[in-house]
Amino acid sequence: MKRETNTPKPHIVLCAPKKTGKTTLIERIMQETKAPAAEPPIPVYGFQTKRIAGSDGINRIYMFPAGHVRIDSLPSDTCYLGSTCGRVRDVCTETFETYGTALIRSARPGGLIIMDEIGHMEKDARLFLQAVFDALDGDIPVLASVRYTDGSIDYLERIKNHPWVQLYMLTEENRDAVYAEIRNAIFSDRKEGRDHEPL
């Protein structure tokens, strides 16, 4: 579904160096979608990624449905994205293409699509990236984070410069203000829509 030209609010994309709080901010928003004041819960779709450190010094990265990150046991190979050890060791492009694409395309109107995070491992995942851009062209709100880069990764620059994206460069100093602004954008839109429903 294509976004109407008069849609008032764009999608939201966060960009920041590591350890700045992108994921924490997104998780705070997701907690509020479950029971925002005086509103029904907002369904959450999309994905989150989690880096799990192994005793061998290798970080293995997994993809989970947004809001359902599990760290109590080693996840299955179905959601394995790849591994790093200072730099990328391997990438499982098939996980992006099948599992990741399905998580994005499962979104339904009235919900919120989470994409946390999009980085350089997706470069060969054509179907996955197409799903990302289809979501940004659509009407279901997106809250995403992208890896902080020097501008050398084309698809990340296209995401940040997408005409329906409101980009926030997150810092330790502005993250509380950004959180308040994002929260207002997501939940006030929903409230305004309800306020204008016919009786």
Side-chain angles (χ1 to χ4, degrees), residues 12-31 44-107 112-133 135-136 142-160 165 167-175 178-179 182:
I12 295 167
V13 170
L14 306 174
C15 185
K18 292 179 181 178
K19 309 293 186 184
T20 308
K22 300 188 301 293
T23 294
T24 299
L25 190 155
I26 287 173
E27 287 177 344
R28 288 177 69 186
I29 293 292
M30 284 196 297
Q31 281 298 316
V44 171
Y45 303 96
F47 67 88
Q48 291 177 271
T49 58
K50 182 70 177 178
R51 192 178 299 253
I52 299 177
S55 58
D56 54 4
I58 297 173
N59 294 311
R60 292 169 177 84
I61 304 168
Y62 295 88
M63 176 177 279
F64 299 91
H68 298 281
V69 174
R70 304 187 315 273
I71 55 173
D72 52 340
S73 61
L74 196 63
S76 72
D77 289 343
T78 305
C79 53
Y80 175 74
L81 295 178
S83 65
T84 64
C85 185
R87 57 197 237 174
V88 174
R89 296 177 71 251
D90 69 293
V91 176
C92 185
T93 300
E94 183 65 18
T95 301
F96 286 107
E97 296 287 73
T98 55
Y99 192 50
T101 298
L103 290 175
I104 296 171
R105 294 202 183 280
S106 70
L112 174 67
I113 302 174
I114 300 295
M115 301 183 197
D116 182 31
E117 82 176 338
I118 303 171
H120 57 272
M121 297 177 79
E122 298 88 328
K123 66 182 180 67
D124 295 320
R126 184 183 59 81
L127 296 176
F128 175 82
L129 290 174
Q130 185 60 58
V132 169
F133 285 105
L136 294 178
V142 172
L143 174 57
S145 68
V146 298
R147 185 179 178 88
Y148 184 80
T149 68
D150 59 5
S152 60
I153 300 178
D154 173 72
Y155 58 86
L156 295 184
E157 294 307 302
R158 286 173 55 207
I159 291 170
K160 291 189 286 185
V165 159
L167 178 66
Y168 289 91
M169 300 300 292
L170 199 65
T171 67
E172 291 183 3
E173 293 73 28
N174 73 5
R175 63 188 174 195
V178 167
Y179 166 74
I182 290 173

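In what follows, residues are counted from 1 in the order of the sequence shown.
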Atom pair [atom1]/[atom2] of [X] and [Y] - distance to nearest 0.5 Å:
X	Y	atom1	atom2	answer
Lys50	Asn59	NZ	CG	11.0 Å
Tyr148	Leu170	OH	CG	12.0 Å
Asp56	Cys85	CG	SG	8.0 Å
Arg60	Ser83	CZ	OG	6.5 Å
Ile26	Ile114	CD1	CD1	6.0 Å
Glu117	Glu122	CD	CD	8.0 Å

Looking only at non-hydrogen atoms, find the nearest pair between [X] and [Y] and report the distance.
X	Y	result
Ala135	Ile113	CB-CD1, 4.0 Å
Val44	Ala66	CG1-CB, 3.6 Å
Ile61	Met121	CD1-SD, 3.7 Å
Cys15	Leu167	CB-CD1, 4.1 Å

Got a donor-acceptor contact below 3.5 angstrom from the [X] side chain to the [Y] backbone?
X	Y	result
Thr49	Asp116	yes
Glu157	Ser152	no
Tyr155	Gly119	yes

For a 4.5 angstrom cut-off between non-hydrogen side-chain atoms, does [X] reach [Y]?
X	Y	answer
Pro65	Tyr99	yes
Phe64	Leu103	no
Val91	Phe96	yes
Thr20	Leu14	no
Lys22	Arg147	no

Taking atom CG of Asp77 as the centre, report whether more than 12 heavy atoms of other residues, nucleotides or ligands fall under 6.0 Å from it. no
How about Lys160: does its NZ atom have over 12 heavy atoms from other parts shown lying under 6.0 Å from it?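 Check passes, neighbour count above 12.
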Steps toward side chain to side chain contact (heavy atoms under 4.5 Å, CB included) verdict (Phe128, Thr93): CA-CA 9 Å; Phe128 175 82; Thr93 300; over 6 Å; no
Verdict with supporting geometry, Asp90 and Tyr80, side chain to side chain contact (heavy atoms under 4.5 Å, CB included): CA-CA 11 Å; Asp90 69 293; Tyr80 175 74; 2.9 Å; yes
What do the steps show when you test Phe47 against Ile118 for side chain to side chain contact (heavy atoms under 4.5 Å, CB included), and what is the final call? CA-CA 10 Å; Phe47 67 88; Ile118 303 171; 4.1 Å; yes
Under 3.5 Å, is there a donor-acceptor pair between the Arg51 and Thr84 side chains?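 A pair is found: one side chain offers a donor N or O, the other an acceptor, under 3.5 Å apart.
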Ile153 vs Lys123, side chain to side chain contact (heavy atoms under 4.5 Å, CB included): CA-CA, chis, key distance, verdict: CA-CA 8 Å; Ile153 300 178; Lys123 66 182 180 67; over 6 Å; no
